[in-house]
Amino acid sequence: MGTDNQVAIITGAASGLGAAIARELSQHNIHIALFDKDKEKLIELSASLEGDTEVFAVDVTNENEVKDAVAAAIKRFGTVHLLINSAGITGITNIKSHEVDTANLQAVFNVNFMGSYYTSKYVLPHMLSNNYGRILHIASIAGKEGNAGMLAYSASKAAVIAMAKVQGKEYAETGITVNALAPAVVRTALVDALPETQVKYMTDKIPMKRCGTLEELASMAAFIVSAKNSFTTGFTFDLSGGRATY
Ligand SMILES: NC(=O)c1ccc[n+]([C@@H]2O[C@H](COP(=O)([O-])OP(=O)(O)OC[C@H]3O[C@@H](n4cnc5c(N)ncnc54)[C@H](O)[C@@H]3O)[C@@H](O)[C@H]2O)c1
């Protein structure tokens, strides 16, 4: 299956990695349902893209909103082939586990894990009826390694990596692949909002001694959800400048 006329849903599309992936996929003639809670920024992005896109204001922590938005996107575009989950938050960071606020930890899990679970739950039946699909969950190096000071974020991303492993196996014989991607640091609004000591902790660990770029991220994401990437599922791709060599 070529990329022409495929349909993608991208969450967290209003900013950072999600917006960069939307830009890349729109250049491959992919129709895109842009999901984010920030409608204004989605409208701005949509206006800047040449391809066929539609804006859906959706809070991924709300199961009913996700269910309705997936149905609306499928009604608008006819079907769905690709799902990229990029909506995410760090929550409060630069704190030790005994200082973590339980409500904040739960809020981080609700976006990073539950949000990606809800979208995949409602997209998978359509992919199954097509005998084809590509799901990409954006995880993080924090989910593989556990960043000190980032319990909620690291644990929620480890859960996302586990979900990709589970779903990869569950749908392995259906034409659907499910993978994750674990970036180290790419400068976005999410990183800029972190305490500088937390950013230094993360970037100092990158052997290439630089952050990844949005272009590097978007081209790897485009490959992961391409038809050519057909024999890899349940895997967590690395984008860490050499930090994770496993
Ligand atoms: N930037 C990095 O260095 C980096 C590294 C590893 C992983 N990641 C992951 O990549 C993903 C994107 O991060 P980013 O750097 O682009 O961040 P970002 O803050 O630039 O973008 C995140 C987007 O998610 C949206 N969002 C947040 N909560 C939402 C909700 N409840 N419902 C709908 N949308 C919601 C925000 O509105 C925003 O547009 C996240 O999952 C993040 O954890 C980022």
Side-chain angles (χ1 to χ4, degrees), residues 9-24 33-46 55-70 83-91 93 104 106-119 136-147 150 152-161 163-164 180-194 198-203 205-206 208 210-218 220-221 224 236-241 243-244:
I9 292 174
I10 305 178
T11 76
S15 178
L17 312 191
I21 295 168
R23 248 184 213 101
E24 177 75 24
L34 303 163
F35 281 24
D36 203 288
K37 63 175 187 175
D38 191 336
K39 192 175 181 187
E40 297 309 308
K41 280 176 79 181
L42 278 185
I43 291 169
E44 258 176 56
L45 174 74
S46 177
V55 163
F56 295 89
V58 49
D59 178 348
V60 297
T61 67
N62 183 319
E63 182 169 3
N64 281 330
E65 275 189 34
V66 171
K67 184 180 178 185
D68 291 349
V70 168
L83 168 66
I84 295 106
N85 280 314
S86 191
I89 58 172
T90 61
T93 64
N104 188 256
Q106 278 167 345
V108 172
F109 263 82
N110 281 342
V111 180
N112 295 358
F113 178 75
M114 295 305 290
S116 298
Y117 156 68
Y118 292 144
T119 51
L136 170 59
H137 301 302
I138 306 291
S140 169
I141 185 77
K144 277 184 165 185
E145 300 232 321
N147 281 351
M150 300 181 80
Y153 186 74
S154 303
S156 69
K157 293 298 188 177
V160 167
I161 289 170
M163 180 160 62
L181 173 59
V185 188
V186 181
R187 275 282 176 180
T188 63
L190 176 136
V191 173
D192 290 342
L194 292 172
Q198 190 71 62
V199 178
K200 187 172 178 331
Y201 168 91
M202 299 188 307
T203 43
K205 290 181 183 296
I206 300 174
M208 286 190 191
R210 68 169 177 88
C211 294
T213 67
L214 287 172
E215 291 71 23
E216 287 168 331
L217 175 285
M220 184 175 278
I224 294 169
T236 298
F237 286 77
D238 174 67
L239 193 84
S240 72
R243 181 172 167 193

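Residue numbers count from 1 along this sequence. Numbering of ligands and ligand atoms starts at 1, following listing order. All heavy atoms count here, side chains included; hydrogens, waters and symmetry mates do not.
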Regarding Asn112 and Ser156, do their side chains bring together a donor and an acceptor under 3.5 Å, going by distance alone?
yes
Donor-acceptor pair, side chain of Ser46 and main chain of Leu42, under 3.5 angstrom: no
Query raised in the report: With no hydrogens and no angle check, do the side chains of Asn147 and Ser154 hold a donor and an acceptor under 3.5 Å apart?
Result: no
So CZ of Phe113 and CD of Gln106: to nearest 0.5 Å the spacing works out to 14.0 Å
Item to complete: Using a strict cut-off of less than 4.0 Å between a Lys/Arg side-chain nitrogen and an Asp/Glu carboxylate oxygen, indicate whether Lys37 and Glu65 qualify as a salt bridge.
Response: no
Pairs of nitrogen or oxygen atoms, one from ligand 1 and one from the protein, closer than 3.5 Å: please tabulate them with distances.
from     : atom 1 : to     : atom 2 : distance (Å)
ligand 1 : 1 (N)  : Val186 : O      : 2.9
ligand 1 : 1 (N)  : Thr188 : OG1    : 3.2
ligand 1 : 3 (O)  : Ala184 : O      : 3.4
ligand 1 : 3 (O)  : Val186 : N      : 2.7
ligand 1 : 3 (O)  : Val186 : O      : 3.1
ligand 1 : 8 (N)  : Tyr153 : OH     : 3.4
ligand 1 : 15 (O) : Thr188 : OG1    : 2.5
ligand 1 : 16 (O) : Leu17  : N      : 2.7
ligand 1 : 20 (O) : Ser15  : OG     : 2.6
ligand 1 : 31 (N) : Asp59  : OD1    : 2.9
ligand 1 : 32 (N) : Val60  : N      : 3.0
ligand 1 : 34 (N) : Lys37  : N      : 3.4
ligand 1 : 37 (O) : Asp36  : OD1    : 2.7
ligand 1 : 39 (O) : Asp36  : OD1    : 3.4
ligand 1 : 39 (O) : Asp36  : OD2    : 2.7
ligand 1 : 41 (O) : Ser86  : O      : 3.3
ligand 1 : 41 (O) : Lys157 : NZ     : 2.8
ligand 1 : 43 (O) : Tyr153 : OH     : 2.5
ligand 1 : 43 (O) : Lys157 : NZ     : 3.0

Q: Look at Lys41 together with Asp36 and state whether they make a salt bridge at an N to O cut-off of under 4.0 Å.
A: no
